Asker: 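Okay, handing you the structure first.
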Amino acid sequence: MAEKVIFDDYLYDSEAVDAAAEAYGHLVDIDVQRDGEQITVTLDNIPEEHAGVLKDAFCNHALYETIVRFRSEAGEGVL
Amino acid sequence: MASTGASLDQVEVKKGADIEAEEAAALEEMASRESVACAIGERKAAFVLDESIYKKDAVYGTAYLFIDRCFVYLSRPGESKIGVELVHREEATEAELEALAGEFVNELLNQVVRAQVGESTARIREYYMARAFFSTDTQTTIDDLLAELDDEELEEAPLEIAVPWEDSDG
């Protein structure tokens, strides 16, 4: 079973998506493709026990990594 | 005498009735304005924000606070628009999803106001920091205090060892 997520690079840092892919790489097959402003992530061979949440959890992780990087560049703390 | 720029007769005095009419017009305008429309789906609440009001920074700040509570996904449905999708971690009723979206938007407003206050008070904060760290007055005060403490200690010391023997012998 495969799921596809499209991230806009204005809202999601490209490195953050890579970091999320690395973090989830042991659970699922992940393919990251970049096309213009879009970062397309395909999650394949999702284990059944994680089928309901894995895509959403991956999106959360990518957003978390993005926010941390954004705040770090802005010279602020996370909160 | 120097002119103050405007004489009293130029000042427009608004009467109570005029103010009430203006307030009513403002409220009517606010009521007619489109609020954040929220679409509710299965475990999901989605809405689109206008980036001219809700900056990306504020959306990030709010999303960070909600990441523990729900799944957050951001999209860009159009120029200057940010789409927000909140997915509840468990089954949720429509009312719960609406409440979640409402809390998100409230926090978003909080973040916007916080950023605006931060911007508007940035100069005065910088001024106070500069004054606290670089003011010579402060250093003088600290030097004075240290000198005062030294004097007190010498007064208490019966042998006044700190006084050079040349001075004490005259």
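Just so it is clear: chains get the letters A, B, ... in the order the sequence lines come, proteins before strands, and each one is counted from 1. Treat the numbers as computed from the prediction; the structure is a model and nothing was measured.
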Asker: Can you get from A/Val32 to A/Leu54 by hopping between Ile, Leu, Val, Met, Phe, Trp and Tyr side chains that sit under 4.5 Å apart?
Answerer: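 Per the 4.5 Å side-chain linkage, A/Val32 and A/Leu54 are co-clustered.
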
Asker: So for A/Ala62, is it side chain, backbone, both, or neither that comes closer than 4.5 Å to the heavy atoms of chain B?
Answerer: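 It is neither, since no heavy atom gets under 4.5 Å.
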
Asker: Which atom names give the shortest non-hydrogen contact between B/Arg76 and A/Leu11, and what distance separates them?
Answerer: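 Heavy atoms only, the tightest pair is N-CD1, 4.0 Å.
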
Asker: Please check if B/Ile82 and B/Leu100 belong to a single hydrophobic cluster, counting links between Ile, Leu, Val, Met, Phe, Trp and Tyr side chain heavy atoms closer than 4.5 Å.
Answerer: yes

Asker: Can you say whether B/Val72 sits under 4.5 Å from chain A via the side chain, the backbone, both, or neither, judging by heavy atoms?
Answerer: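 Both parts, heavy atoms under 4.5 Å.
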
Asker: Give, for atom CD1 of A/Ile67 and atom CD1 of B/Ile67, the distance between the pair rounded to the nearest 0.5 Å.
Answerer: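 If I round to the nearest 0.5 Å, the distance is 4.5 Å.
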
Asker: Regarding B/Arg89 and A/Asp56, does a basic nitrogen lie under 4.0 Å from an acidic carboxylate oxygen?
Answerer: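 Here B/Arg89 does not pair with A/Asp56 in a salt bridge, since their nearest N and O are not under 4.0 Å apart.
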
Asker: How close do A/Arg71 and B/Tyr60 get, heavy atom to heavy atom, and via which atoms?
Answerer: NH2-C, 4.4 Å

Asker: Nearest 0.5 Å, please: how far is SG in B/Cys70 from CG in A/Asn60?
Answerer: 7.0 Å

Asker: Assigning hydrophobic clusters by single linkage (Ile, Leu, Val, Met, Phe, Trp, Tyr; side-chain heavy-atom cutoff under 4.5 Å), is B/Leu49 placed with B/Leu97?
Answerer: no

Asker: B/Leu109, B/Leu65: one ILVMFWY side-chain cluster at the under-4.5 Å cut-off?
Answerer: yes

Asker: Linking I/L/V/M/F/W/Y whenever any side-chain heavy atoms sit under 4.5 Å apart, do B/Val84 and B/Val87 land together?
Answerer: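 Result: no, two separate clusters.
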
Asker: Taking all non-hydrogen atoms of both residues into account, name the closest pair between A/Cys59 and B/Tyr73 and its distance.
Answerer: SG-CD1, 3.9 Å

Asker: List the steps, then state whether side-chain contact (heavy atoms from CB on, under 4.5 Å) holds for A/Phe70 with B/Asp57.
Answerer: CA-CA 8 Å; A/Phe70 181 82; B/Asp57 192 11; 3.4 Å; yes

Asker: Tell me, for A/Tyr10 versus chain B, whether the close heavy atoms (under 4.5 Å) come from the side chain, the backbone, both or neither.
Answerer: both

Asker: For A/Leu63, is there any backbone N or O sitting under 3.5 Å from a side-chain donor or acceptor partner on B/Tyr64?
Answerer: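 Such a contact is absent between B/Tyr64 side chain and A/Leu63 backbone.
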
